[in-house]
Amino acid sequence: MSVSEVLDKVDSGVEASLEILKAYCRLPSVSAERRAQPETAAFVRGLLADAGFEAREYTADGGPPVVFGQRMLDEKRPTLLMYQHYDVQPVDPLDEWRHDPFDPVVEDGRFLARGCGDTKGNLIAQLLAVKAWQQVAGNPPINLKFVVEGEEEVGSPHFPAFVRDHRDLLRADGATIEGGDHMTDGRPKMELGCKGILYVDLVCRTAKVDQHSSYAAITPNPAWRLIECLETLRAPNGRIRIPRWYEGARGPTPEELRYLRKTSLRVQDLKEYFGVRSLRGGSDPYRVVRTLVYSPTCTICGIVSGYIAEGTKTVNPAVARVKLDFRLVPGMRIEAQLQKLLDHLRDRGFDDVEVVPHKEQLQPSAISLKERVARAAIEGARDACGTDPEVWPWSAGASANGFFNDELGVPSLSGPGVSYDGSNYHAPNENIRLTDFRLGARHAAAMIGRF
Ligand SMILES: [Zn+2]
């Protein structure tokens, strides 16, 4: 028995798996609308049972079911936990879809349906990998667990309670979260963590009421005041000016940089896609990726004050507000960074600027390239695709890695996946490429073999 036999079995199972994916995507499991949750959970339980898992549904605090399945072969062998969610995003604007989002279509080498990339296709591809092992060897060589929740797209409000009550079920030697992307050229992309996010509003109120702007000679203006404040936060080159901001931030290791030097990111494509003239990092893909991954950011997401509609209105406004997101790299902690921001504003005399932190914060977190799960994913990608994967030490976005790494104590990464950067997550015409579906399933099979 060799891994190549398992990979051949994966290839020959792709067609049948795409039919299963169609049935899965026909279930309109939009969590924001609480649609089709019990029937989709039951469908997922059936999929797991068909693939030889002991599968059950759990409910916590009135939330929709969490589906859990396991194939425990031998306590002495390592255990891989795979996390997915069966819910999807709402579909509006509906008239921008070329097809009914819940009636899957295959055209031009792509599979289109809401949820096919985020993240129903990942589950089906991973189960195809398990079934290929079963056909060739009778069993996968390791213990496997799946946990599939139904509320990820609305912030997983009940999942922490499930985890708290069933910590034992989720014990594992490594975890994969949803699925990784592929690069435009088809190389699988792996992210060993994520940045975190600290989101705050800054509000500056300088008067009880708006005033006729003739009074501006003697009354303060909150927009100018907020601009002065913002200028103390960030330099024009993007560097954050808040004292001690970078303390603790994890820098690159030589091994991480070795992978980043092989990036197949297409800088020109990215510039054209965004319609921007230049990127920080220049035109060298390695420098662009390195800057993207390792730079903490401070971004004005929106800013508003006074009158901005048609024509003129001579007003001196009473209040100005800005929404700021700070992306944090692993090694930073949300609470500490917030304190540094508050200290800075106090020290610089901005007591008139109120800081309102939002609830939606995510800690940054990343594992080392030396972890078993990281090595298995990288070696598995080489086996499955015949090429080095694209490996980033963490993603530029925020994700649930911290929850697995730090709270559950299971080292995690974004696992073998089926999507690519044109998959239109959360947007109309969500799609995956059929080639990525096959490669994602092969990658999952090979990773199981290497774990
Ligand atoms: Zn999503």
Side-chain angles (χ1 to χ4, degrees), residues 21 24-37 40-41 43-44 63-67 82-94 96-97 101-102 104 110-126 146-160 162 175-182 189-191 193-197 199 301 325 327 358-365 392 394-404 412-433 436-437 440:
L21 180 57
Y24 191 12
C25 289
R26 279 190 200 106
L27 294 162
S29 47
V30 180
S31 48
E33 298 161 4
R34 309 203 66 149
R35 274 176 84 186
Q37 287 166 315
T40 310
F43 183 86
V44 169
V66 172
V67 188
M82 295 170 129
Y83 164 89
Q84 299 290 352
H85 58 87
Y86 62 78
D87 63 320
V88 300
Q89 282 278 323
V91 294
D92 39 292
L94 190 57
E96 287 182 27
W97 285 80
F102 297 116
R110 289 181 164 75
F111 183 109
L112 284 98
R114 168 56 87 227
C116 65
D118 182 14
T119 180
K120 291 177 171 176
N122 294 321
L123 177 69
I124 302 302
Q126 289 167 359
F146 270 97
V147 62
V148 189
E149 67 150 317
E151 285 183 309
E152 193 272 349
E153 301 291 10
V154 290
S156 304
H158 297 95
F159 193 61
F162 166 77
T176 62
I177 304 174
E178 300 192 36
D181 263 353
H182 292 79
K189 177 181 171 193
M190 234 163 295
E191 294 160 333
C194 66
K195 283 191 185 174
I197 194 161
Y199 204 114
C301 298
D325 93 34
R327 297 218 173 242
H358 283 255
K359 270 206 328 279
E360 298 78 17
Q361 321 279 11
L362 272 169
Q363 298 285 6
S365 184
W392 291 18
W394 51 78
S395 73
S399 184
N401 299 68
F403 183 73
F404 286 87
S412 67
L413 49 74
S414 61
V418 299
S419 54
Y420 73 114
D421 49 12
S423 279
N424 294 342
Y425 279 16
H426 298 200
N429 303 310
E430 181 171 351
N431 71 96
I432 56 174
R433 299 182 297 199
D436 293 335
F437 181 84

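Small disclaimer: the values here were computed from a predicted structure and weren't measured. Heavy atoms only: backbone and side chains are in, while hydrogens, waters and symmetry mates are out. In each ligand, atom 1 is the first atom listed, and ligand 1 is the first ligand listed.
Residues satisfying the salt bridge (charged side-chain N to carboxylate O under 4.0 Å, His left out) test with R433, not counting sequence neighbours, are D436. For D87, the salt bridge (charged side-chain N to carboxylate O under 4.0 Å, His left out) criterion is met by no residue, not counting sequence neighbours. Judged as a salt bridge (charged side-chain N to carboxylate O under 4.0 Å, His left out), and not counting sequence neighbours, R34 has no contacts.
Between the side chains of E151 and H158, at least one donor-acceptor pair of N or O atoms lies under 3.5 Å.
With hydrogens and angles ignored, the 3.5 Å screen pairs a side-chain donor or acceptor of Q84 with a backbone N or O of E178.
Distances shorter than 2.8 Å separate the Zn ion (ligand 1) from the protein N/O/S atoms D118 OD2, E153 OE1, E153 OE2, H426 NE2.
Aromatic ring centres of Y24 and F43 lie closer together than 6.0 Å.
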